[in-house]
Amino acid sequence: NTSNLGHPGYKNFIDSGSYNLDCEIIKFNQKILKRINFLDPSKIKKIIKKKKMKTIVGFHTRNVPHKAHEWIHLFGLKKCNGLLVQPMIGQFKKNEYKANCIIDTNKKLVEKIYRKKNILFGIFNSYPRYGGPREAVFHALVRKNYGCTHFLVGRDHAGFKSFYKKYESQNFCKQNEKKIKIKIIKFNEPFLCISKNKILNNKKLCKGKRFSISGTYIRNLILKNKKIPQSIMRNEISILLKKNSIIKKTNKNFHQ
């Protein structure tokens with residue numbers, strides 16, 4: 001929804017050349033999938049069926065999990081029988097977490113910390129378009145293909161700087177819920193209430209200072225060798241994060 005070359009997704013599209021390829025795959029080499037971070041949707045669907053989960057909500061992330069993410073996970077589980085934590089892996093920029101770091105920390109949260117039969121872990125191999133509302137719909141459709149009945153849409157889901165309004169992705173997905181045939185779960189941005197030392201998303205319940213938790217803030221602490229407060233990230237997760245967890249140079253290849 002923009003023709004501004006300051007938008008990275010649009011610029012990448014313009015820079016990609018004059019042609020798009022359209023084809024039919026005759027013989028697909030399954031061995032290729034073993035070399036990349038990929039999870040077959042049919043495997044997740046079989047697990048959902050086996051565990052007899054009638055409703056399962058998908059959670060999309062490109063980040064290491066912090067306490068605000070955990071609040072969102074719990075919020076989704078209040079509305080559904082199960083949760084699929086599924087980080088998107090591919091095309092990370094300078095000063096973002098490396099792919100293996102995002103996989104390892106989210107997997108540890110699900111399998112070693114949560115350790116609940118109704119919380120699943122998976123990987124979505126793709127890349128960000130920074131397309132805001134339209135990309136949020138794309139992310140919802142992907143999770144539908146993985147067997148999810150619901151999808152959590154964040155504050156500025158798939159946004160970039162000021163190109164989209166704060167809750168534009170949530171509202172657009174909700175408006176198109178019937179068309180895409182997956183239920184959208186929207187919520188106000190969670191924050192740390194300083195006085196209560198608790199994650200909340202209702203400003204009326206927090207008297208005094210509020211702190212907005214962000215991946216950028218946490219990465220800056222890591223780069224400065226400063227300890228990440230347990231109030232914003234579990235120690236079991238933060239101990240896995242070092243300076244080399246963060247990308248120093250941008251990969252010129254857009255797809256990974």
Exercise. By side chain to side chain donor-acceptor pair (under 3.5 Å), which residues pair with D40, not counting sequence neighbours?
Worked result: S42
Exercise. Mind checking what makes side chain to side chain contact (heavy atoms under 4.5 Å, CB included) contact with K50, not counting sequence neighbours?
Worked result: none
For this session: Classify the side-chain pair H73/Y114 by whether it contains a donor and acceptor separated by less than 3.5 Å.
Result: yes
Exercise. Quick check: does any side chain N or O of E189 sit under 3.5 Å from a backbone N or O of N201, one acting as donor and the other as acceptor?
Worked result: no
Problem set entry | Under 3.5 Å: donor-acceptor pair, side chain of S238, backbone of I228 | no
Problem set entry | Residues forming a side chain to side chain contact (heavy atoms under 4.5 Å, CB included) with N4, sequence neighbours excluded | T2, F163
For this session: Give me the ring orientation class for F13 and Y10: parallel if the planes are under 30° apart, tilted from 30 to 60°, perpendicular past 60°.
Result: tilted
Problem set entry | Neighbour count above 12 (heavy atom, 6.0 Å) for K67 NZ | yes
Exercise. With clusters built from Ile, Leu, Val, Met, Phe, Trp and Tyr whose side-chain heavy atoms come within less than 4.5 Å, directly or transitively, what are the remaining members of the cluster of I32, listed by chain and number?
Worked result: none
Exercise. What residue pairs, at least two apart or across chains, pass disulfide (SG to SG under 2.5 Å) with a residue in residues 5-115?
Worked result: none
Problem set entry | hydrophobic_cluster_shared for Y97 and L240, side chain cutoff 4.5 Å | no
For this session: Apply salt bridge (Lys or Arg N to Asp or Glu O under 4.0 Å) to the pair D104 and K108, showing each step before the final yes or no.
Result: CA-CA 6 Å; D104 292 345; K108 182 172 184 177; over 6 Å; no
Seminar exercise, completed: salt bridge (Lys or Arg N to Asp or Glu O under 4.0 Å) filter on E70, not counting sequence neighbours, yields R234
Problem set entry | side chain to side chain contact (heavy atoms under 4.5 Å, CB included) partners for L33, two or more places apart | F28, Q30, I36, F38
Exercise. Quick check: does any side chain N or O of R219 sit under 3.5 Å from a backbone N or O of N95, one acting as donor and the other as acceptor?
Worked result: yes
Exercise. Can any side-chain N or O of N63 pair as donor or acceptor with the backbone N or O of P65 at less than 3.5 Å?
Worked result: no
Problem set entry | Sidechain-backbone polar pair: R129 side chain, Y127 backbone, donor-acceptor under 3.5 Å | yes
Exercise. Does a donor on one side chain and an acceptor on the other come within less than 3.5 Å for N171 and K186?
Worked result: yes
For this session: Tell me, with the steps shown, if Q86 and F121 meet side-chain contact (heavy atoms from CB on, under 4.5 Å).
Result: CA-CA 6 Å; Q86 190 177 33; F121 173 79; over 6 Å; no
For this session: With sequence neighbours excluded, tell me which residues meet side chain to side chain donor-acceptor pair (under 3.5 Å) with K174.
Result: E177
Problem set entry | N/O donor-acceptor pair under 3.5 Å between N37 side chain and N125 backbone | no
Exercise. With distance as the sole test, does Q170 use its side chain to make a donor-acceptor pair with the main-chain N or O of Y167 at under 3.5 Å?
Worked result: no
For this session: Using the ring pair (Phe, Tyr, Trp, His ring centres under 6.0 Å) rule, take F211 and Y217 through it: C-alpha gap first, then chi angles, then the decisive distance, then the call.
Result: CA-CA 11 Å; F211 179 76; Y217 173 78; 5.0 Å; yes
For this session: Answer yes or no: is there a donor N or O on one side and an acceptor on the other, between the side chain of N12 and the main chain of P8, under 3.5 Å?
Result: no
Problem set entry | Connected-component partners of L141 among ILVMFWY, side-chain separation under 4.5 Å | V137, F151, V153, F172, I180, I182, I184
Exercise. Do K248 side-chain atoms and K243 backbone N/O form a donor-acceptor pair below 3.5 Å?
Worked result: yes
For this session: Applying side chain to side chain contact (heavy atoms under 4.5 Å, CB included), name anything that partners K165, two or more places apart in sequence or on another chain.
Result: E168
Problem set entry | Hydrophobic cluster of L205, others only, ordered by chain and residue number, side-chain cut-off 4.5 Å | F191, L200
For this session: Tell me, please, which residues at least two apart from E236 pass side chain to side chain donor-acceptor pair (under 3.5 Å).
Result: none
Exercise. Should the ring pair H139 and H60 be called parallel, tilted or perpendicular, given that the plane angle runs from 0 to 90° and is split at 30 and 60?
Worked result: parallel
Exercise. Can you list the steps and then say if V57 with L84 is a side-chain contact (heavy atoms from CB on, under 4.5 Å)?
Worked result: CA-CA 6 Å; V57 60; L84 171 63; over 6 Å; no
Exercise. With distance as the sole test, does T149 use its side chain to make a donor-acceptor pair with the main-chain N or O of I56 at under 3.5 Å?
Worked result: yes
For this session: Quick one: pull up NZ in K98 and CD1 in I103 and give me the separation to the nearest 0.5 Å.
Result: 13.0 Å
